[in-house]
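Data first, discussion second: the structure below is written as structure tokens.
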Amino acid sequence: PFKPSFWTQWYQSKLIDAAGEGVPGQSQCDVYLPGLTLMFERIEYANLYHTFTDLFNVHWSLEKLKYHKNGPQELRIIWLDGHAKSNLDEVWADIFHANITYVSQYKGIVCMERGVWLPKNNPVYDMPKESVEFSYEDYEGKNDNGSNCGVMDRFIERVLTTYDIPLDRTVDETLDLVIDRQPYFAHPRVDMEKATKDARVLPDMDAMFPSSRILKLHEMRFQEQVELISRAKSLR
């Protein structure tokens, strides 16, 4: 029932033209996908901020679909993009307990028990604040009325509990972290020589921050990053 807007019709047109409804039987299907299947084009693949807006989009959509990870329905997410592999790919499978595939892995007629296509955008974009149970006044602590951020709180809880991080964790007063940012070569088309030449790298960071722990996040799994940073007194 979705009619593409000006901003979305170009990249959505092939998907919409190829989609059908009410295939008579599984015998006509080259591939049959049981359970709930989400079709989703990611905005990004290696950038932490943009990846988490995509993850939040899926979380918000699953709530609207009344999907529960411990329920009877199997969950599958099909990426419609062609992004390269990155260290953040595993986060999708972790926090949604989902089977992750690319659309290019499927050939012929693909049938889905329950297929849902998600528009490429954050679902809270340009929506009334109350409709997503979130307000910036609540976030900044200006409203002392016992309310919370609703869907955002539940998203944070989903991520932390996935990695067995207590919601009421205590801060480690001795844990002072400094991120040593490095060029990230996730995409095969990156000009590594140019990226290295243009990189702003601080030498001797151990000497600059003798009482801190220096982090090279690109060498750590996401789970290791969040376990450490969630307990830190400070992060620079």
Side-chain angles (χ1 to χ4, degrees), residues 7-8 10-12 15 38-62 77-105 117-127 132 134 136 139 149 151-163 165 177-202 205 213-232 234-236:
W7 294 107
T8 57
W10 180 79
Y11 71 86
Q12 294 167 359
L15 175 65
L38 303 184
M39 293 165 281
F40 183 64
E41 180 179 356
R42 295 171 294 171
I43 294 175
E44 239 284 335
Y45 72 108
N47 178 282
L48 182 65
Y49 172 81
H50 291 298
T51 295
F52 265 79
T53 61
D54 281 344
L55 291 166
F56 176 76
N57 189 349
V58 172
H59 167 85
W60 184 90
S61 300
L62 289 175
I77 299 175
I78 298 179
W79 287 335
L80 303 178
D81 55 74
H83 290 315
K85 181 177 175 57
S86 88
N87 289 347
L88 293 174
D89 289 357
E90 64 184 26
V91 181
W92 288 79
D94 287 345
I95 71 172
F96 295 122
H97 302 275
N99 181 293
I100 309 293
T101 55
Y102 282 96
V103 68
S104 59
Q105 295 175 235
W117 166 73
L118 304 185
K120 180 184 178 181
N121 209 331
N122 193 308
V124 299
Y125 178 76
D126 202 27
M127 291 177 64
V132 292
F134 175 83
Y136 287 101
Y139 178 75
C149 300
V151 65
M152 183 63 71
D153 277 350
R154 293 190 292 275
F155 173 64
I156 294 169
E157 182 177 348
R158 177 194 284 270
V159 175
L160 294 179
T161 55
T162 293
Y163 299 113
I165 298 173
L177 306 177
V178 176
I179 298 175
D180 182 4
R181 296 192 65 175
Q182 300 285 333
Y184 183 59
F185 307 116
H187 202 282
R189 290 195 295 269
V190 168
D191 185 337
M192 296 180 67
E193 183 177 350
K194 182 178 185 301
T196 304
K197 180 180 177 181
D198 294 344
R200 295 175 292 175
V201 179
L202 294 173
M205 290 191 70
R213 178 170 173 179
I214 310 299
L215 301 181
K216 296 182 184 294
L217 295 181
H218 58 287
E219 297 178 355
M220 302 170 61
R221 294 182 59 203
F222 177 76
Q223 180 172 352
E224 297 173 315
Q225 296 178 29
V226 73
E227 285 174 347
L228 189 63
I229 292 172
S230 65
R231 297 185 291 107
S234 60
L235 176 67
R236 289 178 277 178

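Scope of the values below: all heavy atoms of this structure, side chains included, with no hydrogens, waters or symmetry mates.
- In this structure, Glu227 and Ile165 have side chains that are in contact, with non-hydrogen atoms separated by less than 4.5 Å.
- Atoms CG and CG, from Leu177 and Leu215 in turn, are 5.0 Å apart once rounded to the nearest 0.5 Å.
- Using a distance-only test at 3.5 Å, with no hydrogens or angles considered, a donor-acceptor pair links the side chain of Asp89 to the main chain of Ser86.
- Side-chain contact between Leu55 and Asn57: absent, with no pair of heavy atoms (C-beta onward) separated by less than 4.5 Å.
- His50 and Asn47 make their closest contact through N-OD1, 2.9 Å (heavy atoms, listed as atom of the first residue, atom of the second, distance).
- The pair Lys216-Asp180 counts as a salt bridge, with a side-chain nitrogen and a carboxylate oxygen less than 4.0 angstrom apart.
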Inset, instruction - Apply side-chain contact (heavy atoms from CB on, under 4.5 Å) to the pair Met205 and Val178, showing each step before the final yes or no. - result: CA-CA 9 Å; Met205 290 191 70; Val178 176; 3.6 Å; yes

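- Within the 4.5 Å cutoff, the side chain of Glu41 has no heavy atoms near those of the Val103 side chain.
- Proximity of Leu80 to Phe40: side-chain heavy atoms (C-beta onward) are nowhere separated by under 4.5 Å.
- Note that the CZ atom of Arg181 and the NE2 atom of His218 stand 11.5 Å from one another [nearest 0.5 Å].
- At distances below 3.5 Å, at least one donor-acceptor pair connects side-chain atoms of Asp54 with backbone N or O atoms of Ile43.
- In summary, the side chains of Tyr45 and Asp81 do not present any donor paired with an acceptor at a separation below 3.5 Å, with no hydrogens or angles considered.
- Note that OG of Ser104 and CH2 of Trp79 are 11.5 Å apart. Values are rounded to the nearest 0.5 Å.
- With rounding to the nearest 0.5 Å, the separation of CD1 in Ile100 from CD1 in Ile77 is 4.0 Å.
- Leu88 places none of its side-chain heavy atoms less than 4.5 Å from the side chain of Glu44.
- At a threshold of 4.5 Å between non-hydrogen side-chain atoms, the residues Leu62 and Leu38 count as touching.
- Going from atom CZ of Arg221 over to atom CD of Glu90 covers 4.0 Å, rounded to the nearest 0.5 Å.
- In this structure, CZ in Arg158 is found 8.5 Å from CZ in Phe155, a value given to the nearest 0.5 Å.
- A donor-acceptor pair is defined here as one N or O able to donate and one able to accept, closer than 3.5 Å; no such pair exists between the side chain of Gln223 and the backbone of Tyr163.
- Considering only heavy atoms from C-beta on, Phe222 stays 4.5 Å or farther from Asn87 through its side chain.
- Contact check for Arg42 versus Trp92: side-chain heavy atoms found under the 4.5 Å cut-off.
- A donor-acceptor pair under 3.5 Å links the side-chain atoms of Gln225 to the main chain of Met220, judged by distance alone.
- Across all non-hydrogen atoms, the minimal contact from Ala46 to Thr51 is N-OG1, 4.2 Å.
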